[in-house]
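Quick notes on the structure that follows.
As the structure is a computational prediction, the values presented were derived from the model and not from experiment. FYI, the numbering just counts along the sequence from 1.
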Amino acid sequence: MYKFINQLYWQRDPQSNKSNYGRCLIIAGSKKYPGASFIATKFAELAGPGYVALAVPESIYQAAVTMISPNSIHEDFSLNDDFIWDNNLTSTLNVYNAILFGNGINASLSNVTFLENLLKYYEGNLVIDGTGLRLVANNKSLLENINPRCKVLLTPHLGEAQALLNVAKKSRNVSDYVEEAKQFADKYGITILLKSYADVLVSPSNKLMSTEYVEIAGLAKAGSGDALAGLITGYLAYALKFFAYDDIISYADDLFHLVGLVAEQKYSAGLLNYNILSKILEKTIRNAKTEEKWTSFLKRKKRC
């Protein structure tokens, strides 16, 4: 983990420019759930890509202008409270090295159509989270036409995994979903991050990367998934120059849980929110000195 942080934050070429660190786009939000888009964008920025853009429905555009960083770019391809696909979007979206889709969006036919075309024409790193996972669970045929150049990551918590993987079990043990996730990942050629107090990353090659963390009650809150998805997407926009795809996702997951633990030790779990987590993340990266700091909070790290 120390090598990851050091490479991405502290060893940047002084003669580089923003184009050297990738472009990241967040497609998220709705009138009912505007905050999901802001949280995801905030944590994507903290990952350190050169550009971060946000696309929200026009229904919450004014709120987005006041909430996101002045450094962020705004993309507009929406009508009212939904996203609208246009054939001209192919070239626009392929400017971005990584895209996050689905946090807080409506489960509408328009958004299903948008996701269908995004999967078909986008050629970068696509992360699907939130309502986007529900759209996939209800329309699995969408995954049958993924662009060969598109790498897809699904990030379900266990409740979402039940619907996505068609499992009736109600277990809170992430290992109980691994076999179904392996079959699903292999069938569609995608990667799945199963999220719980112990997370498991399942790749199409059936390689598993699992981590059992110190349990953190403070992350059991709305918004945590949006934050993690934004962080992962931000790293995928540029870190592939230095680290393998699976490693980036695993490192981002480790870092996020470490930040949650540090935050919970300082504040009551019931008080944690994305503002506190983002400040702790900034401080943790700023003060990273030894590799031990990044690994001591783990109970077990297993790669097989």
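Between the side chains of Thr155 and Asp129, at least one donor N or O lies within less than 3.5 Å of an accepting N or O. Ser171 and Asp176 share a donor-acceptor pair across their side chains, judged by distance under 3.5 Å alone. Between the side chains of Asp226 and Asn103, at least one donor-acceptor pair of N or O atoms lies under 3.5 Å. Side-chain contact annotation: Ser175 with Asn173, donor-acceptor N/O pair under 3.5 Å present.
Judged by a 6.0 Å distance limit and a 45° cone about the ring axis, Lys151 is positioned over the six-membered ring of Tyr245.
For the pair Phe243/Gln7, a side-chain contact is recorded, criterion being any heavy-atom separation below 4.5 Å from C-beta on. At a threshold of 4.5 Å between non-hydrogen side-chain atoms, the residues Phe114 and Leu109 do not count as touching. Considering only heavy atoms from C-beta on, Leu115 comes within 4.5 Å of Leu142 through its side chain.
The backbone N or O of Lys31 sits less than 3.5 Å from a side-chain atom of Asp81, completing a donor-acceptor pair. When atom types are taken as modelled, the side chain of Asn125 and the backbone of Asn97 share a donor-acceptor pair closer than 3.5 angstrom. Checking side-chain atoms of Tyr251 against main-chain N and O of Asp246 turns up no donor-acceptor pair under 3.5 Å. Although no hydrogens or angles enter the test, the distance criterion places no donor-acceptor pair under 3.5 Å between the side chain of Thr284 and the main chain of Val259.
With rounding to the nearest 0.5 angstrom, the CG atom of Asn147 is 7.5 Å from the CG atom of Asn94. Between atom OG of residue Ser37 and atom CD1 of residue Ile27 there is a gap of 12.0 Å, rounded to the nearest 0.5 Å.
For the side chain to side chain contact (heavy atoms under 4.5 Å, CB included) test, residues two or more places apart in sequence or in another chain that qualify with Glu75 are Leu25, Ala53, Ala55, Phe77, Thr92, Tyr96. Scored by the salt bridge (charged side-chain N to carboxylate O under 4.0 Å, His left out) test, Glu116 finds no partners at all (sequence neighbours excluded).
In Lys32, the NZ atom is not crowded: 12 or fewer heavy atoms of neighbouring residues, nucleotides or ligands sit closer than 6.0 Å.
Between Lys182 and Glu179 there is a salt bridge, with a side-chain nitrogen of the basic residue lying less than 4.0 Å from a carboxylate oxygen of the acidic one.
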